[in-house]
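What follows is a short report on a single structure.
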There are 2 protein chains.
Amino acid sequence: MKRVSLKDIAKELGVSTATVSLVLNGKNEKGRVSKKMSQKILDKAAELNYVPNTLAKGLKMGKSRTIGLIVADVSNLFFGTLALHIQVFAEQKGYSVIIGNTNEQLKAMENAINSLYGRQVEGLIITPTEKSQHLLIKLINNKIPFVLVDRSFPELAVNSVLINNYEISYQSTEQLIQKGCKRIGLVTYKQDHYHINERRRGYEDALKQAGIYDPDIMEEVRYDFLENDTRKVIGNLISQKEKIDGVFFTTNSISINGVKGLIKNHINIQEDIQIMCFDENDAFYILPYSVPFIKQPIKEMAKNAVELLIDQLEMKSEGTKQVVVNAELVLSRNSI
Amino acid sequence: MKRVSLKDIAKELGVSTATVSLVLNGKNEKGRVSKKMSQKILDKAAELNYVPNTLAKGLKMGKSRTIGLIVADVSNLFFGTLALHIQVFAEQKGYSVIIGNTNEQLKAMENAINSLYGRQVEGLIITPTEKSQHLLIKLINNKIPFVLVDRSFPELAVNSVLINNYEISYQSTEQLIQKGCKRIGLVTYKQDHYHINERRRGYEDALKQAGIYDPDIMEEVRYDFLENDTRKVIGNLISQKEKIDGVFFTTNSISINGVKGLIKNHINIQEDIQIMCFDENDAFYILPYSVPFIKQPIKEMAKNAVELLIDQLEMKSEGTKQVVVNAELVLSRNSI
DNA sequence: GATTTTTGATTAATCGTTTAACCTCTTACT
DNA sequence: AGTAAGAGGTTAAACGATTAATCAAAAATC
């Protein structure tokens, strides 16, 4: 079925498209179009089921009312939830969302940016991949508004929405210490993401503060070999001559795999070893022992990212802004 | 920064936009444009960082190369994963994805359809809400190609990608029976979704076949009061005079809440009661006992949905097609 | 040398909207 | 009556791209 255009309505009514456009956009101030005609146009539009062509409008107006969202990982709950919340908030503000995916690949991020740019997005919300600073700088030079979420580069003055990675990690580690842990291991990614490193720094500082810092029980795993590497480092950790009594996992995926590894090695979580996990997971509510974890306020992050971006787009705001939302330390399973 | 258009390149080179367009689209067959000119245009385009305006092109060509994705629930891992896989497959085929969200609300689904239609999507992939048949019929009348995923309406001859809900549920229930369960309860949604009811039917038929069917231990929960209702019905189930020894949960969210409820009531899963959960969850890999569950092939569903839709768009296929992909019964936690 | 072909481009219309500028009647005012 | 103002529209250009039709000059053919 051919789509109904302004022209179709105009033709049926014997008026010009200008008149129709004026009426349908509520722009007939000062009685430019008569009541009667207005009504006829409105009626006809409804009758024909007219839906304006957003592309044409966007082309003419130079505004697409679309924002691009570039996320990292297809199969990660965190990004999925973030994406869908962003969509909801954006829609509330009258913007549509087109998504792009990087799979943590720099090249894919570049492609996504170009593709979305070609689709005339007015701005971008991005969870940048490692070493993507130059792409962001290009965006800045081209004056394309964007907001980073979840991750950022401290050396770049850009809009961002992050959680308090350092602080919450420090506090979480302190918790373990308060519980009596003396040798707290770490499992983190081997990479160069600021936000992950901040988590590590928080952990390290808490240990130093308590005087129990030991680099020997800090392990790194590769993103592309997460399962195997985690299994391996868990093995390392538990076979230390001086037994460890706690572990801090710096991401969701590491937490899951770390817990799996501990269980597989018949470690009794909470009795033999205390753990602290980054990110929420349904599993933590279900396990027969209480798993303390750091809950990221995903919805709030989404909200802030959308607002920050749209403020930029609508010129409500100048300069860059760094928003930090607080993660929450969930100790007891009061939800059960 | 003003976006670079064909016109800009043309002006700088002193040629017409037509020439530029021809070259940049590789349409200069039969030597319509000279080698030299071609190269100059290509170079200039690269120099100016030209990115074609997909909106303008779409307007002109009557093809947006965009598909709309309408999913149900923001915070559900299943849909998030589905959405992102669909995006990846669509991109591989040269299509962008715009997402809409229904939150299981009929009105929101209608809005989403209109919004996406206005954005000239060429087709839609939809997880339809309850009672949305009339919206789909409208789509059919307007000859807008679409594919339903995860859910469908058996009375409508439409394209769909579903899993083998009935069969896998039947088999899963048989498993419980084989394990020796004699009284297997059910927790499902109180609603009118065909796919969920098929799951129930599979469960029921398996019980009937085994001669242990009992409507008294089939419970329903409301979507909007999932947590409370689940807690309540779990209470009902475990306080039956004749003790139940198994439960079948028909969705992911019900499974999670159901397990929570059982644990809260100090039921010993696997010893006191066998369970069977619909949908994968990290939790099931981590629990100290093995939780059998039905794993949906989300990626395959996404792939099929995208292919089905694009075949329609590109006229490779006529009529409607119902694809059924097989879910997998995961019994042992061999992943740990 | 005249005509045809080929080469290498341009012109102009079009997609669906928007909007500044213009036009033509009525009606009102002095 | 003459003119200004208001009412109610229309015209036409523009957004950025595509493409059928056309054109001019050079090369090839007879």
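The structure displayed is predicted, hence computed values, not measured ones. Quick note on labels: first sequence line is chain A, next is B, and so on, each numbered from 1.
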In whole angstrom, what separates K36(B)'s NZ from dG8(C)'s P? 9 Å
At 4.0 Å (heavy atoms only), tell me whether L22(A) reaches a base, stays on the sugar-phosphate, or touches nothing. base
Nearest-Å distance for atom pair CG/P, residues L59(B) and dA14(D): 17 Å
Hey, does T19(B) reach any base, or is it just sugar-phosphate, or nothing, if we go heavy atoms under 4.0 Å? base
Hey, does S34(A) reach any base, or is it just sugar-phosphate, or nothing, if we go heavy atoms under 4.0 Å? sugar-phosphate
Nearest-Å distance for atom pair CG/C1', residues N25(B) and dG16(D): 12 Å
Residue of the set V158(B), I125(B), N159(B) for which side chain to side chain contact (heavy atoms under 4.5 Å, CB included) holds with F146(B): V158(B)
Verify the neighbour count for atom NZ of K321(B): are there more than 12 heavy atoms of other residues, nucleotides or ligands below 6.0 Å? no
If you find the nucleotide of DNA chain D closest to T17(A) and the one closest to S38(A), which residue's nucleotide is nearer the 5' end? S38(A)
Distance check needed: dC15(C) P versus R3(A) CZ, whole Å only. 15 Å
Atom CG of N53(B) to atom C1' of dA14(D): distance rounded to whole Å? 14 Å
note: K27(A), atom NZ; dT18(C), atom P; distance rounded to Å ~ 7 Å
Taken to the nearest whole Å, CZ/R32(A) to P/dC25(C) is 19 Å
Between dG16(D) atom C1' and K57(B) atom NZ, what is the distance in whole Å? 12 Å
Ranking dG16(C), dT18(D), dT18(C) by distance to the side chain of S5(A), first place goes to dG16(C)
Y223(B)-D73(B) side chain donor-acceptor pair, cut-off 3.5 Å: yes
Residue pair R119(B) / T66(B), side-chain donor-acceptor N/O under 3.5 Å: no
Which part of the nucleic acid does K60(B) contact within heavy-atom distance under 4.0 Å: base, sugar-phosphate only, or nothing? base
R151(A) with E104(A): basic N within carboxylate O range, under 4.0 Å: yes
Selected nucleotide, minimal atom distance to L6(B) side chain, candidates dT17(C), dA12(D), dT18(D): dT18(D)
Under 4.0 Å, counting only non-hydrogen atoms across every strand here, what does S16(A) touch: a base, just sugar-phosphate, or nothing? base
